[in-house]
Amino acid sequence: MDFRGTAGAAQTSEASKASSSRTSDLPPFTPWFRELAATKHSQAASNAFLRGDHAAAKELSLRAQEERSAAEKLNKKAAEEIFRLRNNNNSIWKVDMHGLHASEAVEVLERHLRRIELQPPGNNAASTDELAKSEPSMAGSSIEPGPGKVVLVRPRQAILEVITGIGKHSKGQASLPVAVRGFLIENGYRFDELRPGAFTFQARFPKIGIAVKGSASEVDTKPREVSVAVVSSIMDIPSAEWDACAVDSVDPDKFNPFLTHAFLSSLEESGSAVKETGWLPLHVVARDENETVIGVVPLYLKSHSRGEFVFDHSWAEAYYSYGLEYYPKLQSCVPFTPVTGQRILVRDTPYQDQVFEALVKALKSLTTKLKVSSLHITFPSEGEFSKLKDSGFLQRIGMQYHWRNRIYRSFDEFLMDLKQPKRKNIRQERKKIPAQNLKMKRLRGDEIKSNHWDTFYKFYRNTTDNHWGRPYLTREFFHRLGEKMGDKVMLIVAEHDDKLVAGALNLIGGDTLFGRLWGCLPNAYFPNLHFEACYYQAIEAAIELNLSKVEAGAQGEHKIQRGYLPVTTYSCHYFLDPGFGTAIGDFLAHETAQSLFTLCPITMNSGDD
């Protein structure tokens, strides 16, 4: 009996025996059974929480986690055995991935390549089993010294064949070849797909370079070469090099905290924006001939459209109606963050335009190479929006509501800029806060303690749960954010009888206060507290910090009544299928006309001048 039920049906009797032997050190249940048990425990935990039995809810939640962990271990054991049996008679240069899930196949391929590429000299293992017994080595024995030269001994063969199949038994697009193709691209392997589901590529071996020092030469105004690569984690790029591209050293007012290495790495390290949540990082990096990073693009391979704030579900449905797959797709953005900013991040050099063009070409080339449906660049700057049109991107506009600081010295001075009905309404809303025995505080940097983040995470989960949303961000994300971004983080909290009952998370940019998340305790009900924490406290903070504007997130026409005005946002879209590209282009032209019609009356009738 195979652990996954169906995967072992086609295996030999040897597989059945091996599968039985693997149960000796693990509970005798299949992963399916474990996942079912985990689901039941999770449902029971939710029911316990709803009836107020928090202790039972915690206990059942822990049981669910244990069951899922056991299922993962069983699945991993099964994958290893399936791979061994499939490849027992293959040489190390031929790998059959049939029977593996996409994530398992990528992990197995990565491990197999590491063993091949770092094996000691002269190790010509005949099979994958023999190769597995030899540990990778980077010792000096792999290099044979000679008089005046260095020679690297390599295996006689270096072309690897990986067989994934074409997914005849899969529903929709086969995920296995897509995953392997993505792995090869993001790791810089040049491959051929001579037939569907069969990849050939050359293994890479350590290179020995000799640096020759000489007299300094004149620095060119343009790089002799711009090389572009893809990395699978922002941690593969030094933070200083990333931020040299993301942070404008000339104009500090343009500082955008969401584009920094600190923010994006917090998303990845906390497990919030990772492959398992449908956000596979595929960041694009441009380097000059000296290997200096001169441009980067935050990029993700997405298996859904959640957490983007530019809605394309109707496009996905249109693809499906014609029997085509819309996912996966490529997305250049800041995950879960509808904040406008540069997306093609280029270091300040005399050849910025050249690097920008190289990165855009690389993005389009990657879209073609991965054979995904489309590439989306959401919330880019207005300048990028204009440039990308010339590169074949479709254009889309949206709307947000921002508050502008007209050099106000106080909140009351801002109110005097409004018409009397709005002014009266805001004052009445703010009076209700102290009347409910609520105390507002604005915390920054070291003032925000670990217990604040734990409590705010409860607020955040209450918001996502009540609105049938998904908790995109993990508890760890908030802790990492506080540690890495320091006084760039502002947490606005509300206390009732010395107990935290609500909060709003903000980040401080060069000239902007960015309002991001809001939440409160499950049973908390305080009229107008949301407006106070998210809008009025943010305006007061911006005035105190002499910031030019407040961006309070996506959507919300109710913000107009509270001093916020509409602004245009942008997104750019590139489709491989020319027919769908034309159809969606027509749709966007109609949508844009409607948006401009809506925007103009609001702007003209705001009544705040």
* So which heavy atom on Ala504 is nearest to which on Cys534, and how close? -> CB-SG, 4.2 Å
* Asked: With a cut-off of under 6.0 Å to the ring centre and 45° to the axis, is Lys302 in cation-pi contact with Trp279?
  -> yes
* Check whether any side-chain heavy atom of Asn425 sits under 4.5 Å from a side-chain heavy atom of Phe531, and report yes or no. => no
* To do: Hey, can you tell me if Tyr535 and His530 have their rings parallel, tilted or perpendicular (30° and 60° cut-offs)?
  => perpendicular
* Is there a donor-acceptor contact under 3.5 Å from the side chain of Ser272 to the main chain of Thr474? -> yes
* Asked: Between Phe379 and Phe309, does the ring centroid distance fall short of 6.0 Å?
  -> no
* For the residue pair Trp315 and Phe575, does the interplanar ring angle fall in the parallel (under 30°), tilted (30 to 60°) or perpendicular (over 60°) class? -> perpendicular
* Structure fact -> side chain to side chain donor-acceptor pair (under 3.5 Å) test vs His376 passes for just one of His573, Lys329, Gln331, namely His573
* Asked: Is it true that Arg343 and Glu384 make a salt bridge, defined as a side-chain N closer than 4.0 Å to a carboxylate O?
  -> no
* Asked: Do Asp577 side-chain atoms and Ser373 backbone N/O form a donor-acceptor pair below 3.5 Å?
  -> no
* To do: List the atom of Thr512, the atom of Glu551, and the distance in Å for their closest heavy-atom pair.
  => CG2-CG, 3.9 Å
* Structure fact -> Minimal heavy-atom distance between Ala102 and Leu176, with the atoms involved, is CA-CD1, 3.9 Å
* Asked: Under 3.5 Å, is there a donor-acceptor pair linking the side chains of Lys484 and Ser265?
  -> yes
